[in-house]
Protein chains: 4
Amino acid sequence: MNTAPAAGRRGRPRSEAARRAILEAAAQLMLEAGPGEVSMDAVAERAGVSKATIYRWWPSKERLALDALYETWAEVQRPVPDTGSLHGDLLALIRPWVRLLASRPFGRVMAALLAAVQSDQEFAEEYRERFVEPRRDQARDIFARAIARGEIPADTEMEVALDLLYGPVYHRLLHGHQPLNDAFVRALVDGVVAAVGAG
Amino acid sequence: MNTAPAAGRRGRPRSEAARRAILEAAAQLMLEAGPGEVSMDAVAERAGVSKATIYRWWPSKERLALDALYETWAEVQRPVPDTGSLHGDLLALIRPWVRLLASRPFGRVMAALLAAVQSDQEFAEEYRERFVEPRRDQARDIFARAIARGEIPADTEMEVALDLLYGPVYHRLLHGHQPLNDAFVRALVDGVVAAVGAG
Amino acid sequence: MNTAPAAGRRGRPRSEAARRAILEAAAQLMLEAGPGEVSMDAVAERAGVSKATIYRWWPSKERLALDALYETWAEVQRPVPDTGSLHGDLLALIRPWVRLLASRPFGRVMAALLAAVQSDQEFAEEYRERFVEPRRDQARDIFARAIARGEIPADTEMEVALDLLYGPVYHRLLHGHQPLNDAFVRALVDGVVAAVGAG
Amino acid sequence: MNTAPAAGRRGRPRSEAARRAILEAAAQLMLEAGPGEVSMDAVAERAGVSKATIYRWWPSKERLALDALYETWAEVQRPVPDTGSLHGDLLALIRPWVRLLASRPFGRVMAALLAAVQSDQEFAEEYRERFVEPRRDQARDIFARAIARGEIPADTEMEVALDLLYGPVYHRLLHGHQPLNDAFVRALVDGVVAAVGAG
DNA sequence: CGGTAATCGAGACGGTACGTCATGTCTTACA
DNA sequence: TGTAAGACATGACGTACCGTCTCGATTACCG
């Protein structure tokens, strides 16, 4: 996506202004109107860009959405401070992320991306690589520190622990059956800590 | 959807054959090709029915998918046996359901339904009422029995416990980052049991 | 159309109220909204009647229009007085008819009927039998009286004379390029009288 | 209709091939099956063109029919030779036109256009401008020459004379009560010439 | 007077076409 | 070569009407 700045060398260089305008237009439309209401025509018009230009750099609406969302999303992908305890680390990791999720209608965009994940293998991989694994890696580091500290057993089922942490968040985000608030975060972290045996 | 069998009494009664044909065609197409590839025209043709008849009873493709999926889904909504322990009960609840989920491409349909949930309030409620809450109720009963038995504290954060149980399953179903198998189910149930303090 | 009151004898007799309601509803809708806007569903609803009842007695929308229009139309099909001259007779025949045509949006209905005439042989015959020939017969009588009087030659090309009389009226009604008023009627009758040689 | 070739200059130019294919397909279908049997889908398929392309340039089936018919129709709109007499001129004008009308099922298309004329003011004007007035202009020239020659009075009621000429032709075309043949043309022209006083 | 039969209202049904919309490709002219 | 403009083929959308069909409820007549 939006990768090579200009394949070879000759010819007019890629317009950076167009690239930014497209991503901004897409992000705005996604979050304002929801992904269902966003068409490539609409993005092109809002960005003052031709459709051909979009398709030259992004192969589909979903790939565009991926890029458009990435910066906002990445905002909370910074390294997590070491608070000295598993409980503190997880709280420091999850709370700001959940606050971001609750602050804007990310559910709509997430669901649209997940729909694309189901039927596009290549997209699925890029999605996981950029949105899922980085966050799991952060939590993996935290659990590894807890093992090093002796807080939790060394044979902890890491992948399941990660699912216990992130699964409930996505669940509430997507299903909306219960609120995404700080109380939920506290109880969730309590549960995860207990689950991995750091009573 | 598909509810009112014939408001008053007069007029030609609704064709039960058409209703069944539509639901079957929809279910088949959804699970074979994925909801993105299914058009109302295709459902109508496969069911030997006119589009108008579909739209008379279902306002959208998603509402139709909801109904079409319901029967298959409901197959594992039977009452859960009392095994005598929280661990055994949860295993008896979750294992057959996860096996069903893993047996067919439900992820695609689920993601499509979730996309609709994000932008249709009414749909969201019906979705939760028919797909989410019945399963949560089953687990609520199990946790209530465990409290009665004294296995877990009476002040257990029930809703979060339910999310710890179901969130990871949906997470793996939708993101596909890890398999949905029996080993996962065992580890998940172990984790949940530990989380609610029935060490 | 609407013919046999009840084929044999047994059974519930045809509802005269329904028949009248249908014809009135059709006539109103035709002349108010134009035939293009009239649907059988609309006629049925306006008449408080079921579609099946309409189709039992009229095979098509056009046949219904034919009947619906007939009474209004027939209003000026009364016998023409003998004024003693060809000119006076034609004026007495044409003027009231043109006034009727100009008084309401008959053009729309006529054009719709003519469209049906082009593609339905049977309809064409009934249309001519009930709408065209009776008026031509009236004019034929007038020309015959003029021949008897010695006003015009006995070998007058009668059919062409009838077309010279009626053609211009339909022409203005349907094309709307010039008004349908009394001045037109006078000039038309003058022209026809001159054409058949009664200078 | 089909007018603006490309507003400014930029952008892909209109496909002339598509334009011609659409008009030809429409003309063929109209005259073969009659306008009632022609659907936009059928025109699109026959022309190998998308429906959207048709609707981009023509707002309705009738406007398309107008254009589709125009070229065939225009074939006899060539200037009329001066034969030296009103009778000869009118014959030279009317005979080839009536032969064209009689040669193909124009009645169906005409009736459909007239139906549109009744309910679309804008269409009515374009119809008259392109189909009615050019022919009337030809006849107007002929009558003017006859006046210049002293064949007919200078105060001849021109518009009525034109209706006496064309009205009967349309009448027979649309009602089909009498044939459109050369004998009719001769008698018609005789009648018109007599009517305007060139006995 | 009870049975038979044609009618009626309501309204669901299989079709067919409608006119619109979004996708992704393309063809120009300009930069 | 990259771009804005915008026309294009494709194909689904949701709606509207058509003419047919089942219902249950109403009348008549006829035995």
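Within every chain, numbering begins at 1; the chains are lettered A, B, ... in the order of the sequence lines, protein sequences first and strands thereafter.
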Reckon B/W57 has a side-chain N or O less than 4.0 Å from the OP1 or OP2 of E/dG11? no
Donor-acceptor pair under 3.5 Å, B/R12 side chain vs F/dC21 base: yes
Excluding sequence neighbours, so at least two apart, what forms side-chain contact (heavy atoms from CB on, under 4.5 Å) with A/A27? A/A68
With nearest nucleotide decided by heavy atoms, which residue, D/E16 or C/S39, maps closer to the 5′ end of DNA chain F? D/E16
Within residues 41-51 of chain B, the residues having a heavy atom closer than 4.0 Å to DNA chain E are B/G48, B/V49, B/S50
Ordered by number, residues from residues 24-34 of chain B within less than 4.0 Å of DNA chain F (heavy atoms) are none
Would you say A/W58 places a side-chain N or O within less than 4.0 Å of OP1 or OP2 belonging to E/dT23? no
Take the protein atom CZ of B/R14 and the nucleotide atom C1' of E/dA12, then report the distance between them rounded to whole Å. 10 Å
In whole angstrom, what separates A/I54's CD1 from F/dG6's C1'? 14 Å
Report the distance from atom CD of B/E62 to atom C1' of F/dG14, rounded to the nearest whole Å. 13 Å
Sequence neighbours excluded, which residues qualify as side-chain contact (heavy atoms from CB on, under 4.5 Å) partners of D/E16? D/R19, D/R20
Ring pair (Phe, Tyr, Trp, His ring centres under 6.0 Å) involving C/F106 - partner list, sequence neighbours excluded: C/W73
Summary of side chain to side chain donor-acceptor pair (under 3.5 Å) pairs that have at least one residue in residues 30-41 of chain C, sequence neighbours excluded: C/E32-C/R46
Pairwise 5' ranking along DNA chain E for D/A52 and D/E37, keeping only the more 5' one: D/E37
Side chain to side chain donor-acceptor pair (under 3.5 Å): which pairs involve residues 106-118 of chain C, sequence neighbours left out? none
Find the distance B/I22:CD1 to E/dA12:P and express it as a whole number of Å. 13 Å
Contact under 4.0 Å: D/R56 side-chain N or O vs F/dA7 OP1/OP2: yes
Below 4.0 angstrom, which residues in residues 116-125 of chain A have at least one non-hydrogen atom near DNA chain E? none
Go through C/W58 and C/I22 one step at a time and tell me if the side chain to side chain contact (heavy atoms under 4.5 Å, CB included) criterion holds. CA-CA 10 Å; C/W58 291 276; C/I22 291 168; 3.7 Å; yes
Report the distance from atom CE of D/M40 to atom P of E/dA17, rounded to the nearest whole Å. 13 Å
Less than 4.0 angstrom between a side-chain N/O of A/T53 and OP1 or OP2 of F/dA4, yes or no? yes
My understanding is that only residues two or more places apart in sequence, or in another chain, count here; which of them pass salt bridge (charged side-chain N to carboxylate O under 4.0 Å, His left out) with D/D120? D/R63
Between P of E/dC13 and CZ of B/R20, the distance in whole Å: 13 Å
Could you report the tightest heavy-atom contact between C/M110 and C/Y127, atom names first, then the distance? CE-OH, 2.9 Å
Passes side chain to side chain contact (heavy atoms under 4.5 Å, CB included), B/F131 versus B/L66? Steps please. CA-CA 9 Å; B/F131 282 76; B/L66 206 75; 3.8 Å; yes
Minimum heavy-atom separation for A/V49 to A/A18, with atom names? CG2-CB, 4.0 Å
Send over the distance from D/L64 CG to E/dG19 P, rounded to a whole Å. 11 Å
Set of residues satisfying side-chain contact (heavy atoms from CB on, under 4.5 Å) with respect to C/S119, sequence neighbours excluded: none
Could you state the OH-P distance from C/Y55 to E/dT7, rounded to the nearest angstrom? 18 Å
side-chain contact (heavy atoms from CB on, under 4.5 Å) filter on B/E45, not counting sequence neighbours, yields none
